Amino acid sequence: MKNIVVFTGAGVSAESGLGTFRDADGLWEKYRIEDVCTHDAWLRNPQLCVDFYNARRRETLAAKPNAAHDAIARLQQTFPDTKIITQNIDNLHERAGAHDVIHLHGEITKLRSDINETATVPLDGWEQHYGDRHPDGSLLRPYIVFFGEGVPYFSQACEIAAQADLLLVVGTSLNVYPAASLLQYAPENAPIYFVDPGLPAFGPYTNRITHIRKKATEGVPEVVDMLIQRFQ
Ligand code: APR
């Protein structure tokens, strides 16, 4: 088994205490996307955006990787060609030992130039101070892909998915595009294992998906153990 591709959403970090977006108690039930996660919001009220992502960053730094993050890192250690693509902005995959993780929607531990979407700088600690500037002179903003903005690494993610022998998808409602369309780039004959206690929008992939309707910390270690046993 050469190319396993892991694709994760907020559900993989739910049991680490980080909120998902569209579950009953999700982030978008508490905040309006138009207020904190669009470019207009950033222009209209940058301090509110900075405060929102400072709060997310504090939560992320206080959270710990869970058994699902650990199992995914173990999968990558066992099969070194495993690629990990996430919609999440947290760094829990990396803190569990995974490497070369592609973050489609940005990273909470970095800030970016206001004029160059991939010019990032690391942020130590949880607090961004609005008004600090990037070396290119522009205002620093959270390194988050806001709704309506381009997803810089999506084409790279599609190329990776197109080479997949197998997909392991964890904890995503498949509501947000283009990220959710990643599954369609995987070869027809690549099996898709999907760990999620809910009912994501499987749509055209339904008959290709093996749905493990369990929480990530239970379902992901089971699938990883099965893959290692079968393919090592
Ligand atoms: N284990 C596994 N999956 C879980 C768990 C859990 N413990 N708890 C919830 N889930 C599942 C839900 O059933 C749902 O399918 O996680 C998914 C969360 O869906 P969303 O909240 O829509 O999160 P996600 O799919 O990652 O959202 C995609 O939307 O707002 C944007 O940029 C944001 O990256 C995010 C994108």
Side-chain angles (χ1 to χ4, degrees), residues 6-39 41-42 49 52-53 55-57 59-60 63-72 84-93 96 101-110 112 117 141-154 157 167-184 192-203 205-206 209-224:
V6 180
F7 177 47
T8 64
V12 78
S13 299
E15 291 159 272
S16 294
L18 298 182
T20 61
F21 295 94
R22 294 170 187 82
D23 286 324
D25 56 348
L27 269 175
W28 300 143
E29 297 301 316
K30 300 169 191 153
Y31 300 89
R32 285 165 22 102
I33 289 172
E34 314 72 83
D35 293 341
V36 293
C37 196
T38 63
H39 194 248
W42 172 246
C49 295
F52 177 75
Y53 287 103
R56 305 283 72 71
R57 200 170 295 109
E59 287 171 355
T60 297
K64 299 221 177 334
N66 62 49
H69 298 106
D70 294 340
I72 290 165
I84 301 166
I85 300 165
T86 187
Q87 299 171 86
N88 300 341
I89 58 175
D90 67 56
N91 61 350
L92 296 181
H93 281 306
V101 178
I102 293 178
H103 288 263
L104 293 179
H105 295 155
E107 297 180 64
I108 196 73
T109 55
K110 297 177 182 172
R112 58 151 272 201
E117 61 185 8
R141 55 167 265 192
Y143 176 44
I144 303 296
V145 176
F146 291 143
F147 281 90
E149 293 186 322
V151 180
Y153 298 109
F154 184 63
L167 237 63
L168 168 57
V169 186
V170 186
T172 176
S173 63
L174 295 178
N175 261 304
V176 172
Y177 285 78
S181 67
L182 195 66
L183 277 64
Q184 77 185 28
I192 303 174
Y193 291 88
F194 205 119
V195 179
D196 191 312
L199 262 182
F202 290 152
Y205 319 107
T206 305
I209 285 176
T210 302
H211 186 193
I212 296 97
R213 272 202 84 168
K214 294 182 176 178
K215 291 187 169 186
T217 56
E218 197 186 338
V220 175
E222 284 175 8
V223 174
V224 166

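Every number for a ligand or one of its atoms is a count from 1 in the order of the listing. All values derive from a computational prediction rather than experimental measurement.
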Could you find the nearest protein heavy atom to atom 32 (O) of ligand 1 and give me its residue, atom name and distance? His105 ND1, 3.3 Å
Output yes when the distance from some N or O of ligand 1 to some N or O of Val170 is under 3.5 Å, and no in every other case. no
Nearest-neighbour protein heavy atom for atom 3 (N) of ligand 1, which is reported as residue plus atom name and distance: Pro197 CD, 3.2 Å
Atom 10 (N) of ligand 1: the protein heavy-atom neighbour that sits closest, reported with distance to 0.1 Å: Gly11 CA, 3.7 Å
Return yes if a side-chain donor-acceptor contact under 3.5 Å exists between Gln87 and Thr172, otherwise no. yes
Could you list the atoms of ligand 1 found under 4.0 angstrom from a heavy atom of Gly198? 13 (O)
Minimum non-hydrogen distance to atom 19 (O) of ligand 1, winning option of Gly26, Ser173, Ala180: Ser173
Which residue and heavy atom of the protein sit nearest atom 9 (C) of ligand 1, plus the separation: Asp23 OD2, 3.2 Å
Measure the shortest side-chain to side-chain distance between Leu168 and Val195 over non-hydrogen atoms and say whether it is less than 4.5 angstrom. yes
Taking the minimum heavy-atom distance to atom 26 (O) of ligand 1, which of Ala10, Gly171, Ala216 ranks first? Ala10
Heavy-atom closest contact (His211 atom, Gly198 atom, distance): CE1-O, 3.0 Å
Any atoms of ligand 1 less than 4.0 Å from a non-hydrogen atom of Lys215? List them with their elements. 1 (N), 7 (N)
Glu117 bridged to Arg112 by N-O distance under 4.0 Å: no
Check each atom of ligand 1 against the heavy atoms of Gly9 and keep those under 4.0 Å away; list them by number with element. 26 (O)
Pair Ser16, Asn66 - check side-chain hydrogen bond (donor to acceptor under 3.5 Å, both in side chains), show working. CA-CA 6 Å; Ser16 294; Asn66 62 49; 3.0 Å; yes
Subset of ligand 1 atoms that lie under 4.0 Å from at least one heavy atom of Trp28: 30 (O)
Under the side-chain hydrogen bond (donor to acceptor under 3.5 Å, both in side chains) rule, what do Ser13 and His69 come out as? Steps first, then yes or no, please. CA-CA 8 Å; Ser13 299; His69 298 106; 3.2 Å; yes
Atom indices of ligand 1 within 4.0 angstrom of Phe147 heavy atoms, with elements: 30 (O), 31 (C)
Please name the pair of heavy atoms, one in Ala180 and one in Tyr205, separated by the smallest distance, quoted to 0.1 Å. O-OH, 4.1 Å
With a 4.0 Å cut-off, would you call Lys64 and Glu59 a salt bridge? no
If you have a sec, work out which protein heavy atom is nearest atom 8 (N) of ligand 1 and how many Å separate them, to one decimal? Ala14 CB, 3.8 Å
Under a 4.5 Å cut-off applied to non-hydrogen side-chain atoms, are Arg56 and Leu27 in contact? yes
What is the distance from atom CZ of Arg57 to atom CG of Asp90, rounded to the nearest 0.5 Å? 12.5 Å
Please find the pair of heavy atoms, one from Val36 and one from Phe146, that lie closest to each other, and give the distance. O-CE2, 3.9 Å
Regarding ligand 1, does Lys214 bring an N or O atom to under 3.5 Å of one of the ligand's N or O atoms? no
Which residue owns the protein heavy atom closest to atom 35 (C) of ligand 1, what's the atom, and how far is it? Phe21 CE1, 3.6 Å
Heteroatom distance test (Thr172, ligand 1): nitrogen or oxygen, under 3.5 angstrom: yes
Between Glu15 and ligand 1, find which residue part has any heavy-atom pair under 4.0 Å and reply side chain, backbone, both or neither. side chain
Considering only the protein, which heavy-atom contact is closest to atom 14 (C) of ligand 1, and what is its distance? Asp196 OD2, 3.5 Å
For ligand 1, note which part of Arg22 has a heavy atom under 4.0 Å away: side chain, backbone, both or neither. both
Could you check whether any side-chain heavy atom of Val12 comes within less than 4.5 Å of a side-chain heavy atom of His93, counting everything from C-beta outward? yes
Starting from atom 36 (C) of ligand 1, locate the nearest protein heavy atom and write down its residue, its atom name and how far away it is, to 0.1 Å. Val176 CG2, 3.7 Å
